[in-house]
Asks: 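Pasting a structure here, questions to come.
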Amino acid sequence: MSGRERVRAETPARIVIDRDFTVGPIDDRIYGSLVEHMERVVYGGIYEPGHPCADARGFRTDVIGLVRELGVPIVRYPGGNFVSGYDWEDGVGPPSERPPRLDLAWIARESNEVGLNEFLYWAKEAGVECNLAVNLGLRRVDAARNLVEYCNFPRGSYWSDLRVAHGVVEPHGIKTWCLGNEMDGPWQIGAKSALDYGRLACEAARAMRRVDPGIELVACGSSTPRMRSFPDWDVTVLEQAYDEVDYLSLHTYFTNTGGDSRAYLARSLEMDRQIEAVVAACDLVRAKVRSRKRLSLSFDEWGIWSREERANRDSWSWRWKEANAVSEGMYSFEDALLAGSMLLSLIRHADRIKIACWAQLVNHLSLFSCAAGGPVWKQTVFYPFAHAARFGRGIALALSLSAPVYDAGELQGVPVLDAAAVLSKKEDEIVVFAVNRDLSRPLPVEIVRRGFAPFRAVEHILYESADLEAGNTREQPGRVVPSSRTGAELAATLDVEGDTVSLRLPAASWNVIRLRRSEARDVEPPRSGR
Ligand code: AHR
């Protein structure tokens with residue numbers, strides 16, 4: 001480890017948790033994802049008629065199986081940038097009558113073979129809730145309120161009766177709605193100034209909520225903290241729409257452009273900073289508009305843009321085709337470590353973040369991939385996500401963490417240990433998630449519990465790889481997979497003495513340490529929502 005280093009040789013890093021100090025309940029929806037009409041996410045991803053695993057409606061059941069295994073509770077749809085040029089009416093009614101369109105966001109052809117009702121059929125099969133985005137790029141209030149009427153109004157009005165005529169008798173009952181996408185970005189079709197967007201979001205929210213008062217609405221915050229207008233955009237938008245919306249959105253993607261892995265793994269600290277800045281912006285506006293409501297956040301796009309994916313898009317040969325594999329890539333093991341740290345950041349801010357969506361589910365920036373006519377395989381980032389989605393449900397515990405630190409460029413004092421702790425919903429399990437950012441040395445760690453009944457260690461899930469660049473591919477789908485230590489193997493590597501658990505986290509590793517209340521039976525925790 002080079003650079004400024006305040007490291008003990010063998011002084012353990014320490015995590016202290018106390019039953020009386022909690023961040024708050026974790027909303028399961030922080031383990032959401034995104035399905036956008038782009039590249040092979042929909043066509044050739046979730047939908048591939050003729051594939052041996054396709055169901056009667058053309059959706060791949062092997063993909064659905066992985067979504068269920070991941071434990072994703074909510075999926076944002078249909079974009080992303082795509083939504084800003086999308087006419088939702090094109091995607092309903094008899095498929096043979098649907099117009100093919102040019103998708104200006106991704107310079108692609110959109111057949112409209114998959115539209116709203118098809119996606120919502122898929123969502124039901126996959127056991128996920130839909131977070132539906134409306135087009136506030138090229139369209140305005142009218143299209144948005146009609147869409148709510150089509151989806152959620154029981155019947156007896158033009159748009160709800162049209163839904164019934166399309167064979168969907170029961171309303172879809174979509175609860176969460178995004179008011180556009182990344183409206184501050186010059187790349188966005190119909191991008192707007194903060195003031196114009198704030199007014200439009202406010203008007204759309206009012207009209208949509210008149211149709212269905214039960215819906216929840218997400219206004220677009222800055223599309224990235226790298227925008228010069230961050231966080232002024234957020235403040236101006238909220239000054240217009242604070243009382244009409246329930247959430248403000250955040251987005252961020254990281255890429256290891258410089259090839260410096262230590263600096264790359266530290267970048268989750270930027271995510272912490274971004275969240276804290278947006279919370280401050282929300283609370284500032286709350287004071288300015290004298291609202292009693294405290295706004296929540298929807299981190300509805302987060303993820304990693306791999307180097308490979310960026311490089312492919314430089315070629316323009318892919319233009320105006322459907323289901324192009326333009327920017328598909330393989331995630332490396334170090335991408336999984338950073339993804340793990342980003343998940344920990346979400347958990348640690350569970351008091352304000354109520355929704356988060358990994359972008360995206362399949363084939364593009366994806367948790368898993370699938371080959372046309374072929375198999376599915378899990379990307380490295382699949383594993384920390386699946387562990388967090390499974391074991392990170394319940395109450396986020398506040399933690400006091402002490403660990404050696406290092407400097408990485410602009411990020412100073414980066415702890416080599418990153419961690420979050422969760423008390424399960426039944427309060428019978430404490431799960432500590434931890435990343436050792438030290439690339440060359442194992443890290444001794446003590447986990448100290450205060451104010452809890454006796455707990456014992458039942459499992460240490462360990463994800464490590466000697467090669468940070470290694471990843472999973474169609475040819476080698478099991479190259480980098482986690483392992484699990486239980487029983488005698490666990491006892492040989494982890495010590496429990498009173499309220500302290502001691503173990504060593506291997507260099508560059510993702511760890512899930514499960515402690516179970518002593519009187520609790522040795523059964524797997526239920527998978528929430530299913
Ligand atoms: O996930 C891909 C794209 O990244 C989304 O369409 C957009 O919202 C973001 O810029």
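In each ligand, atom 1 is the first atom listed, and ligand 1 is the first ligand listed.
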Asks: Using 4.0 Å as the upper bound for N to carboxylate O, is an ion pair formed by Arg76 and Glu129?
Replies: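 Looking at Glu129 and Arg76, the cut-off is not met.
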Asks: Sort out for me which residue in Asp335, Thr257, Asn256, Thr255 forms a side chain to side chain donor-acceptor pair (under 3.5 Å) with Tyr264.
Replies: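 Result: among Asp335, Thr257, Asn256, Thr255, Asp335 is the only option passing the side chain to side chain donor-acceptor pair (under 3.5 Å) with Tyr264.
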Asks: Establish, yes or no, whether the cationic atom of Arg57 lies under 6.0 Å from the six-membered ring centre of Tyr121 and within 45° of the ring axis.
Replies: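 Arg57 over Tyr121 ring: yes.
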Asks: Please tabulate protein-ligand N/O pairs under 3.5 Å for ligand 1, atom names and distances to 0.1 Å.
Replies:
{"from": "ligand 1", "atom 1": "1 (O)", "to": "Tyr253", "atom 2": "OH", "distance (Å)": "2.9"}
{"from": "ligand 1", "atom 1": "1 (O)", "to": "Gln360", "atom 2": "NE2", "distance (Å)": "3.0"}
{"from": "ligand 1", "atom 1": "4 (O)", "to": "Tyr253", "atom 2": "OH", "distance (Å)": "3.4"}
{"from": "ligand 1", "atom 1": "4 (O)", "to": "Glu301", "atom 2": "OE1", "distance (Å)": "3.3"}
{"from": "ligand 1", "atom 1": "6 (O)", "to": "Glu36", "atom 2": "OE1", "distance (Å)": "2.7"}
{"from": "ligand 1", "atom 1": "6 (O)", "to": "Glu36", "atom 2": "OE2", "distance (Å)": "3.0"}
{"from": "ligand 1", "atom 1": "6 (O)", "to": "Asn81", "atom 2": "N", "distance (Å)": "2.8"}
{"from": "ligand 1", "atom 1": "8 (O)", "to": "Asn81", "atom 2": "OD1", "distance (Å)": "3.4"}
{"from": "ligand 1", "atom 1": "8 (O)", "to": "Asn181", "atom 2": "OD1", "distance (Å)": "3.4"}
{"from": "ligand 1", "atom 1": "8 (O)", "to": "Asn181", "atom 2": "ND2", "distance (Å)": "3.0"}
{"from": "ligand 1", "atom 1": "8 (O)", "to": "Glu182", "atom 2": "OE1", "distance (Å)": "3.4"}
{"from": "ligand 1", "atom 1": "8 (O)", "to": "Glu182", "atom 2": "OE2", "distance (Å)": "3.3"}
{"from": "ligand 1", "atom 1": "8 (O)", "to": "Glu301", "atom 2": "OE1", "distance (Å)": "3.2"}
{"from": "ligand 1", "atom 1": "8 (O)", "to": "Glu301", "atom 2": "OE2", "distance (Å)": "2.6"}
{"from": "ligand 1", "atom 1": "10 (O)", "to": "Glu182", "atom 2": "OE1", "distance (Å)": "2.8"}
{"from": "ligand 1", "atom 1": "10 (O)", "to": "Glu182", "atom 2": "OE2", "distance (Å)": "3.2"}

Asks: Flag this pair as yes if the NZ/CZ of Lys378 is under 6.0 angstrom from the six-membered ring centre of Tyr383 and inside a 45 degree cone about the axis; otherwise no.
Replies: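 No, a cation-pi geometry is absent between Lys378 and Tyr383.
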Asks: Donor-acceptor pair, distance only, cut-off 3.5 Å: does the side chain of Ser111 make one with the backbone of Pro100?
Replies: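 No: the side chain of Ser111 does not pair with the backbone of Pro100.
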Asks: Give me the ring orientation class for Trp510 and His387: parallel if the planes are under 30° apart, tilted from 30 to 60°, perpendicular past 60°.
Replies: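 The rings of Trp510 and His387 lie parallel, inter-plane angle below 30°.
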